[in-house]
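A short write-up of the structure that comes next.
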2 protein chains.
Amino acid sequence: MQNRLTIKDIARLSGVGKSTVSRVLNNESGVSERTRERVEAVMNQHGFSPSRSARAMRGQSDKVVAIIVSRLDSLSENLAVQTMLPVFYEQGYDPIMMESQFSPQLVEEHLGMLRRRNIDGVVLFGFTGIREETLRPWRSSLVMLARDAGGMASVCYDDEGAITTLMQRLYAQDHRNISYLGVPHSDVTTGKRRHEAYLSFCKKHALPAVASLPGLAMKQGYDQAASVLTPQTTALVCATDTLALGASKYLQEKRIDSVQLASVGNTPLMKFLHPEIIAVDPGYAEAGRQAAAQLIAQITGRSEPRQIVIPATLA
Amino acid sequence: MQNRLTIKDIARLSGVGKSTVSRVLNNESGVSERTRERVEAVMNQHGFSPSRSARAMRGQSDKVVAIIVSRLDSLSENLAVQTMLPVFYEQGYDPIMMESQFSPQLVEEHLGMLRRRNIDGVVLFGFTGIREETLRPWRSSLVMLARDAGGMASVCYDDEGAITTLMQRLYAQDHRNISYLGVPHSDVTTGKRRHEAYLSFCKKHALPAVASLPGLAMKQGYDQAASVLTPQTTALVCATDTLALGASKYLQEKRIDSVQLASVGNTPLMKFLHPEIIAVDPGYAEAGRQAAAQLIAQITGRSEPRQIVIPATLA
DNA sequence: CTGTTAGCGCCTTCAA
DNA sequence: TTGAAGGCGCTAACAG
């Protein structure tokens, strides 16, 4: 704010030139150990820290990144953001947050604004409907989460592995009539891939497939649970924990306790409310870490855009 | 990034001097209508936007604010942040997010970092244990939420009103044995004030008071529900919806449906999982809007720190 | 190894 | 009503 010190002050106080101070600041080589120590001492003593804006102006980089979540109250995205933040802070990046509310148009508006702001990079939690051309200009400075788009860097969950793991577990527990509650195929990852993994497991093991793909909302899980429960059903796999929450509410209300629920997604809320549900952790925390690391690597030119898949683990 | 235009370019392209462009940019008076229009035309045509860092360097302000939430997955804080973000963006502020995890020490570290970053202002979701002296230096540029601290600006919920509203409603429904599940008094607002409002209502209406104050966590609500349920109890008031979630899990498991649950907090999750619970909305959304507005007003010198109380409304 | 010099993009005098 | 000049704090040549 007011009278902060500048490298000029530090230079004067330690009896060296501005550029020497700058060199110390940036850990550049070519400064004698003695000088460096002296300058560093003065810096600490006065709690000096360089002006971000001045650096940004020279370096062409503000060290600001944006995280666009679909919704702030998405439990799974929260888990990823939680691990992402410390990574950004450690590397000196300011992470600013925005909500897309699942609206492709809002994503466009946000990206437009970020472009004008000359931001360094973006982590975008993907969803259905985002046009590729919206993203293209960001190819080198955007990492998409939970979804892959041609040419863009992405961190995805192992959709097939997650479902297969659940099915195997249930199968090992002698379940032979396993129903499925999921998301429409218009959603490629959470929808199509998970559903297909379910179908393919059923086929391979000659199990009857009973599925419904209502959508992502809790209420949809609640409303559609009935439609996939046959008298034979002994287990129900849900594509997301949100759906599972809806389904379990239905089961509870109907006093049905003969059906084993299983779901992708391992949030604290679920663990508390329904510890009996079998869950695979898609690796939200790890995804967050990797996304942040990948974005920084791209920004700093240490990596090309690349696709990362996080392995799922049984919780 | 690369070859962005600068006011110099705009100046050249519109045949005026840099300072004139600057004047137009800042809506300063003393520019002829014709010149202004011409310059603005060129700006729009090229999608020009001034460099934030250069402005920051001159203006001493980065137009960056921080929002320190206790936890990213706090449902109530999310609701407030959700309304806060658009306000900041509209006014050209970049909101960066941090988690305090209810740790006073983390708050100190974050504030220290923000101080070095020379940030403009902070919205802090308050909790027990934050030392006043930590905050003092921020007096003019911090707004605390959900808690008031001497001299600091704050946006608080009407703790007493919220509880009283719930009690009145239950009383009107002929409940005469109302228990209470809350938070220890070390937490002044959610703990002490709400509990005292409960006690005072009981006293006034000659009702027996049965209360326990385990804490904020869902599990604590679950574990302590039993201790406040007597054979006569017909209603249970919870200080937060998290506690209510825990308590309702307990009631469900015990198959108790003779107890009407009521709680402060009106989150979408609660509305879905337990629409039967009577809830007051403490006004999270409004609190977020007001907090952002108040912070901006303080930063820009248009307001002194002041305490704001949001009225609670029956959901 | 170290200091000097020249900008980065913008805003702010100060003259014209 | 306008333009030219100077400087914000920092980094990147270029000299010593």
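Lettering follows sequence order; numbering is per chain, from 1.
Of the inter-residue distances, the one linking B:M84 atom CE with B:Y89 atom OH reads 12.0 Å to the nearest 0.5 angstrom.
Interface residues of residues 14-30 of chain A facing DNA chain C, ordered by number: A:G15, A:V16, A:G17, A:K18, A:S19, A:T20, A:R23, A:G30; criterion, heavy-atom separation under 4.0 Å. The stretch residues 42-57 of chain A touches DNA chain C through A:M57, each having a heavy atom under 4.0 angstrom from the strand.
For the pair B:V81 and B:M97, the minimum side-chain heavy-atom distance is below 4.5 Å.
A donor-acceptor pair under 3.5 Å is formed between the side chain of B:E77 and the backbone N or O of B:S70. The closest donor-acceptor contact from the side chain of B:T83 to the backbone of B:A285 lies under 3.5 Å.
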Worksheet item: When you look at A:R4 and A:S49, which way does the side chain to side chain donor-acceptor pair (under 3.5 Å) test go after all the steps?
Response: CA-CA 9 Å; A:R4 291 164 59 88; A:S49 78; 3.2 Å; yes

Inset, instruction - Mind running side-chain contact (heavy atoms from CB on, under 4.5 Å) on A:I10 and A:V24 for me, showing each step along the way? - result: CA-CA 11 Å; A:I10 302 296; A:V24 173; over 6 Å; no

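When the C1' atoms of four end pairs are superposed on the next four at each end of the helix from C:dC1-D:dG16 to C:dA16-D:dT1, using five pairs per end, the two resulting axes differ in direction by 40°, to 10°.
Between the side chains of A:S61 and A:D120, at least one donor-acceptor pair of N or O atoms lies under 3.5 Å. No side-chain donor-acceptor contact under 3.5 Å links A:S53 and B:R55. Of the N and O atoms on the side chains of A:T300 and A:R302, at least one donor lies less than 3.5 Å from an acceptor on the other residue.
In this structure, B:I10 places its CD1 atom 13 Å from C1' of C:dC10, rounding to the nearest Å. The CZ-C1' distance, from A:R12 to C:dT2, rounds to 19 Å in whole Å. A straight line from CD1 of B:I7 to P of C:dG9 spans 10 Å, rounded to a whole angstrom. The separation between B:R58 atom CZ and C:dC8 atom P is 16 Å, rounded to whole Å.
With sequence neighbours excluded, no residue forms a side-chain contact (heavy atoms from CB on, under 4.5 Å) with B:A293. Taking B:R289 as the reference, B:E286 meet the salt bridge (charged side-chain N to carboxylate O under 4.0 Å, His left out) condition, with sequence neighbours excluded.
Residue B:F88 is tested with B:V64, B:L295, B:D94 for a side-chain contact (heavy atoms from CB on, under 4.5 Å); the sole match is B:L295.
OP1 or OP2 of C:dC1 has not a single side-chain nitrogen or oxygen of A:T35 nearer than 4.0 Å.
For B:Q105, the CD atom sits in a loose shell: 12 or fewer heavy atoms of surrounding residues, nucleotides or ligands are nearer than 6.0 Å.
Protein chain B contacts DNA chain D over a range whose 5' and 3' limits, counting nucleotides with an atom under 4.0 angstrom from a non-hydrogen atom, are D:dT1 to D:dG9.
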